Amino acid sequence: MTKKLAEIIPLNNVPLIHCITNDITLETLANTILYLGGKPIMSSDVREFADLFKTTDALLLNMGRLTVNHEASLREASHFAVISHKPVVVDLVGYGMTEQRRKLGDELINHQPTIVKGNISEMRRLVGLPTIAKGIDGDVSDQSDFALQELNHALKELCKRCPKTVFVATGRRDIVVQGERSALLCNGVAALDRFVGTGDMLGAIMATLIGAGAAAWEASSIAISYLNIAGEIADNQTHGLENFRQEMLNQISLLQKQSGWSKNIHSSTFN
Ligand SMILES: Nc1ncnc2c1ncn2[C@@H]1O[C@H](COP(=O)(O)OP(=O)(O)O)[C@@H](O)[C@H]1O
Ligand SMILES: Cc1ncsc1CCOP(=O)(O)O
Ligand SMILES: [Mg+2]
């Protein structure tokens with residue numbers, strides 16, 4: 001993977017990334033894409049999709065703060081992505097918490113997007129595994145070795161129905177699954193779970209990398225590692241969560257200047 005890393009971050013082009021996302025982290029995602037070297041367009045107005053899809057390089061569909069209009073925009077954009085063969089990242093925020101989110105998430109997945117991501121508890125709900133998680137956060141009880149193994153197995157089963165899609169489950173440890181292949185990524189710090197938007201930021205980074213031409217597997221693994229190593233550096237340099245949050249964003253722009261950053265990636269496989 002190190003060889004491919006050298007080809008992907010820093011980006012060797014400037015992809016235009018169309019984000020349909022929640023208004024809680026909207027500006028953070030726009031700047032995350034800019035700091036990484038891409039260009040964001042945050043547009044939810046279905047009237048402009050026909051023109052917009054002619055110029056964009058990838059699409060981020062973030063379920064975030066659901067409304068009737070947000071849902072309609074996500075659905076319409078997902079349809080446009082299918083007919084225009086646009087690479088897509090789906091972020092299953094709050095999947096399974098409500099019937100609306102479950103139904104919408106299933107519909108978006110049925111369009112065979114490039115990457116489907118969620119935190120460890122959202123992804124457990126997706127494959128029908130129990131979780132005590134509340135709200136949109138992952139629960140630590142879903143991070144045991146056994147829980148990770150059973151989720152890894154269940155996601156591989158799901159891949160049989162969605163052979164083109166990479167599935168990602170995030171948290172203290174992250175699972176990346178595509179077909180029969182899976183990896184466990186182990187970078188990051190606990191503070192990444194302590195401010196809103198880190199999962200959203202990850203989706204934006206994934207969309208930027210596939211928009212720049214990276215394959216789904218590399219884009220998924222590199223995005224997680226890049227964000228988490230940025231978090232490790234920010235954690236070393238700051239006190240307090242707000243300072244950490246600001247430095248996180250700062251590191252998104254700085255880490256790519258460190259040629260050997262990828263040597264700090266910690267990954268393993270499931271036995
Ligand atoms: N306790 C933790 N230790 C290390 N990394 C973490 C931890 N919690 C989350 N992360 C990282 O933060 C990012 C967001 O993950 P997560 O918090 O699961 O998403 P969400 O914000 O959607 O719940 C991922 O890259 C993940 O690897
Ligand atoms: C708090 C909240 N509520 C609906 S979307 C959202 C932000 C979720 O961001 P993340 O999934 O990155 O924690
Ligand atoms: Mg999330």
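These numbers were taken from a predicted model, which means no experiment stands behind them. Atoms within each ligand, like the ligands themselves, are counted from 1 in listed order. Quick note: numbers below take in every heavy atom, side chains included, and nothing from hydrogens, waters or symmetry partners.
Of all atoms in ligand 2, listed by their number and element, those nearer than 4.0 Å to a heavy atom of G199 are 12 (O). The atoms of ligand 1 that sit less than 4.0 Å from any heavy atom of N187 are 4 (C), 5 (N). Of all the atoms in ligand 1, the ones that sit under 4.0 Å from a non-hydrogen atom of G188 are 4 (C), 5 (N). For ligand 2, the atoms lying closer than 4.0 Å to a non-hydrogen atom of R65 are 4 (C), 5 (S). Near T198, meaning under 4.0 Å from one of its heavy atoms, ligand 2 places the atoms 12 (O). Atom numbering of ligand 2 starts at 1 in the shown order; those under 4.0 Å from a heavy atom of V196 are 1 (C), 7 (C), 9 (O).
Distance from atom 14 (C) of ligand 1 to its nearest protein heavy atom, with residue and atom name: T198 OG1, 3.5 Å. Here the protein heavy atom with the shortest distance to atom 9 (O) of ligand 2 is D200 OD2, 3.1 Å. In this structure, atom 12 (O) of ligand 1 lies nearest to the protein heavy atom L192 CB, 3.5 Å. When only non-hydrogen protein atoms are considered, atom 8 (C) of ligand 2 lies nearest to I136 CD1, 3.4 Å. Looking from atom 27 (O) of ligand 1 to the surrounding protein, the closest heavy atom is D174 OD1, 2.6 Å. In this structure, atom 4 (C) of ligand 2 lies nearest to the protein heavy atom I24 CD1, 3.7 Å. Distance from atom 2 (C) of ligand 1 to its nearest protein heavy atom, with residue and atom name: R172 CA, 3.4 Å. In terms of protein heavy-atom proximity, atom 13 (O) of ligand 2 is nearest to G197 N, 3.7 Å. The closest protein non-hydrogen atom to atom 13 (C) of ligand 1 is L227 CD2, 3.8 Å. Scanning all protein heavy atoms for the shortest distance to atom 18 (O) of ligand 1 gives T170 OG1, 2.8 Å. G199 N, 3.1 Å is the protein heavy atom nearest to atom 21 (O) of ligand 1. Summary of contacts: the protein heavy atom closest to atom 25 (O) of ligand 1 is N228 OD1, 2.8 Å.
At a heavy-atom distance under 4.0 Å, no atom of I120 approaches ligand 1. The proximity of L202 to ligand 2, defined as any non-hydrogen pair under 4.0 Å, does not occur for either the backbone or the side chain.
A donor-acceptor pair shorter than 3.5 Å cannot be found between the side chains of T238 and D235. Checked by atom type, the side-chain pair D139/S141 shows a donor-acceptor distance below 3.5 Å. Using modelled atom types and a 3.5 Å distance limit, the side chains of N22 and D200 yield a donor-acceptor pair. Looking at N187 and E232, their side chains do bring a donor and an acceptor atom within 3.5 Å of each other. In this structure, a donor-acceptor pair under 3.5 Å is present between the side chains of S121 and D142. N250 and Q246 share no donor-acceptor pair across their side chains, judged by distance under 3.5 Å alone.
In this structure, the ring of H18 has its center less than 6.0 angstrom from the ring center of F49.
The salt bridge (Lys or Arg N to Asp or Glu O under 4.0 Å) check on R173 picks up D145, with sequence neighbours excluded.
Closest heavy-atom approach to atom 4 (C) of ligand 1 among the candidates V196, L185, V189, D200: V189. The option with the heavy atom closest to atom 6 (C) of ligand 1, from among G171, S225, G203, is G171. Taking each of D91, D193, L202 in turn, the one with a heavy atom nearest to atom 8 (N) of ligand 1 proves to be D193.
Using a 4.5 Å heavy-atom cutoff, the side chains of V177 and C159 are in contact. When side chains are defined from C-beta on, F80 does not count as touching L52, because their heavy atoms never get closer than 4.5 Å. Looking only at side-chain heavy atoms (C-beta outward), Y95 and M63 come within less than 4.5 Å of each other. The shortest distance between side-chain heavy atoms of T56 and I17 does not fall below 4.5 Å. At a threshold of 4.5 Å between non-hydrogen side-chain atoms, the residues L92 and L126 count as touching.
Residue V93 places every heavy atom at 4.0 Å or more from ligand 1.
Using a distance-only test at 3.5 Å, with no hydrogens or angles considered, no donor-acceptor pair links the side chain of N152 to the main chain of L148.
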- After noting the C-alpha distance and the side-chain angles of L185 and S221, does the key distance pass the side-chain contact (heavy atoms from CB on, under 4.5 Å) rule? CA-CA 8 Å; L185 297 175; S221 315; 4.2 Å; yes

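In terms of polar-atom proximity, defined here as any N/O pair under 3.5 Å, E122 makes no such contact with ligand 1.
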